[in-house]
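Quick notes on the structure that follows.
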Amino acid sequence: MLSSYGGFTVILPYKILGTGSYLPDLVIENERFTEIVETNDEWITSRTGIERRHLSAGEATWEMGLKAARRAIEMAGITTDKIDIIIVSTLTPDYSTPNTACIIQAELEAKNAFCFDVNAACTGFIQAFDIAMRYLLDPDIHNVLIVSTESLSKITDFTDRRICVLFGDGAGSIIISDQLTEPGASEPSEAPKSIYDCFIGSDGASGHTLVGKSLDAVRHPFVPKDAPEIIDRYAHPNGVYIQMLGQEVYRFATTMMPYAVERVLEKAGKTLEDIDFLVPHQANERILQSASKRLKIPMEKVISHIADLANTSSASIPICLDMEFRSGKLQRGQTLVFTGFGGGLTYGALICQL
Ligand code: UT7
């Protein structure tokens, strides 16, 4: 049941007006996990490349997202009434309703925006970006705020050594716009960006390899006594906590990330030489090395912060984008490829210009 979607080519000029990120202050080094499970720093670093992670000390998912969004808005230099859409990607929302995007809208007083969440697990940012680009084709839509915010610690079983060392919390945000002229200027300050393409796919039949449970199935007072037993499609012993068949997800990642990158380059009529940097989802350093080898793209052109972030799901790409844009490594005019994979299973890649 592997399906894939080819995305589309946008010819309209656009601009990433601003980026932002937020990481909670609480930093937990690998060594600390020896206090709670049978593990060691050597196993974690050699198998994953992870050395430490930021964990929420009580901050909600929406609070982290709001902080990242404020930083992106500050860089963009727009007022919040100019935001037309807020899209949040998260698999760890605080409420089933209101959605996280509406909560962030209220805090920002972005009263002209309409708001929704997407959940494609770690591929969520790629999907949100592609949705934003489609809405920007509408002449009435000018500025889209994307916020990817995740508290994986909420759905992590800290007694399971196979899982708890892998994840971190944090948020990343961007604003994409079709407004190319700075307020007060008559001409755009830079050449308009027009390279954009996306390739997204899903493999629902492999969904069981990465599972976390949400609300329980129906138990209302009118359920007939002889009603059939509820089928828990992905029954697993620890309910809301993530359960993963690590090696199967690893195989999926090392196959589908490079595949998606190759497909999106082909669609865009570009080659790897046209790419300044690959910004991949951060799950495991060995997955990034494998993608680098298969794509024949040197590791110097692959952004990696896995050592400090661990796996922050859909937030990992926009966090890395913001960190390296602010550090000066990523610069205006560069051509970037974002690629991700995750629960669903889902995968995708997009090419864009900074
Ligand atoms: O965002 C998308 C989500 N996830 C991913 O991308 C993850 C993809 N998968 C992976 O990155 C890797 O499969 C893992 C890092 C999760 C695991 O690495 P692995 O090399 O596939 O290890 P494994 O699961 O085969 O486990 C090897 C051994 C096992 O012991 P036995 O059965 O060989 O005695 C595990 O019980 O390592 C043991 N182990 C640990 N030992 C010390 C598992 N976790 C730990 C741990 N510390 N934290």
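Order of appearance sets the numbers: ligands from 1, and atoms from 1 within every ligand.
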Could you tell me whether the side chain of Asn284 and the main chain of Arg47 form a donor-acceptor pair under 3.5 Å?
-> yes

Close-contact set for ligand 1 against Val249 heavy atoms, below 4.0 Å | 4 (N), 5 (C), 6 (O)

Using atom types as modelled and distance alone, determine if a side-chain donor or acceptor of Ser173 lies under 3.5 Å from a backbone N or O of Thr19.
-> no

Compare all side-chain heavy atoms of Arg286 with those of Thr254 and state whether any distance is below 4.5 angstrom.
-> no

Spell out, as yes or no, whether a donor-acceptor pair under 3.5 Å connects the side chain of Glu59 to the backbone of Ser56.
-> no

Decide whether an N or O pair under 3.5 Å exists between Arg47 and ligand 1.
-> yes

Ion pair present between Arg71 and Glu74, side-chain N to carboxylate O less than 4.0 angstrom?
-> no

side-chain hydrogen bond (donor to acceptor under 3.5 Å, both in side chains) evaluation trace for Glu324 with Ser327 = CA-CA 5 Å; Glu324 294 298 15; Ser327 79; 2.6 Å; yes

For Lys154 and Thr92, indicate whether the former's side chain and the latter's backbone hold a donor-acceptor pair under 3.5 Å.
-> yes

Identity and separation of the nearest protein heavy atom to atom 9 (N) of ligand 1 = Gly246 O, 2.9 Å

Would Phe33 count as a contact of ligand 1 if the rule is a heavy atom under 4.0 Å away?
-> no

Shortest reach to atom 21 (O) of ligand 1 by a heavy atom, considering only Arg162, Met244, Gln247 | Gln247

For ligand 1, which atoms have a heavy atom of Val165 less than 4.0 angstrom away?
-> 48 (N)

With a 4.0 Å heavy-atom cut-off (strictly under), which part of Leu210 contacts ligand 1: side chain, backbone, both or neither?
-> side chain

Do Ser177 side-chain atoms and Gln179 backbone N/O form a donor-acceptor pair below 3.5 Å?
-> yes

Proximal atoms of ligand 1 relative to Thr48 (non-hydrogen, under 4.0 Å) | 15 (C)

Protein heavy atom at shortest distance from atom 14 (C) of ligand 1 = Asn284 ND2, 4.6 Å

Does atom 29 (C) of ligand 1 have any protein heavy atom closer than 4.0 Å?
-> no

Nearest protein heavy atom to atom 2 (C) of ligand 1, by residue and atom, and its distance?
-> Phe341 CE1, 3.5 Å

Nearest protein heavy-atom contact for atom 47 (N) of ligand 1: which residue, which atom, what distance?
-> Thr39 OG1, 2.6 Å

Can you check whether Gly348's main-chain N or O pairs, donor with acceptor, with Thr339's side chain at less than 3.5 Å?
-> yes

Proximal atoms of ligand 1 relative to Ile287 (non-hydrogen, under 4.0 Å) | 6 (O)

Examine ligand 1 and decide if any of its atoms is less than 4.0 Å from a heavy atom belonging to Cys122.
-> yes

Polar atom proximity, Ile44 to ligand 1 (N or O, under 3.5 Å) = no

among protein heavy atoms, the one nearest atom 16 (C) of ligand 1 is Leu166 CD1, 3.9 Å

Relative to the heavy atoms of Arg286, which atoms of ligand 1 are at a distance of less than 4.0 Å?
-> 18 (O), 19 (P), 20 (O)

Using atom types as modelled and distance alone, determine if a side-chain donor or acceptor of Asp130 lies under 3.5 Å from a backbone N or O of Cys198.
-> no

Between Arg32 and Glu35, is there a salt bridge with N-O shorter than 4.0 Å?
-> yes

Strictly under 4.0 Å, does any heavy atom of Ile163 approach an atom of ligand 1?
-> no

Establish whether atom 32 (O) of ligand 1 and some protein heavy atom are separated by less than 4.0 angstrom.
-> no

Counting from 1, what ligand 1 atoms have a heavy atom of Asn311 closer than 4.0 Å?
-> 1 (O), 2 (C), 3 (C)

Give yes if a backbone or side-chain nitrogen or oxygen of Asn40 is under 3.5 Å from a nitrogen or oxygen of ligand 1, and no if not.
-> no

Got the closest protein heavy atom to atom 43 (C) of ligand 1, with its distance?
-> Trp43 CZ2, 3.4 Å

Tell me which protein heavy atom sits closest to atom 35 (C) of ligand 1, plus the residue, atom name and distance to 0.1 Å.
-> Arg161 NH2, 3.9 Å

So, the side chain of Asp169 versus the backbone of Ser153: is there a donor-acceptor pair under 3.5 Å, distance only?
-> yes

Are the side chain of Arg161 and the backbone N or O of Glu38 linked by a donor-acceptor pair below 3.5 Å?
-> yes

Does Gln353 use its side chain to pair, donor to acceptor, with the backbone of Ser194 at less than 3.5 Å?
-> yes

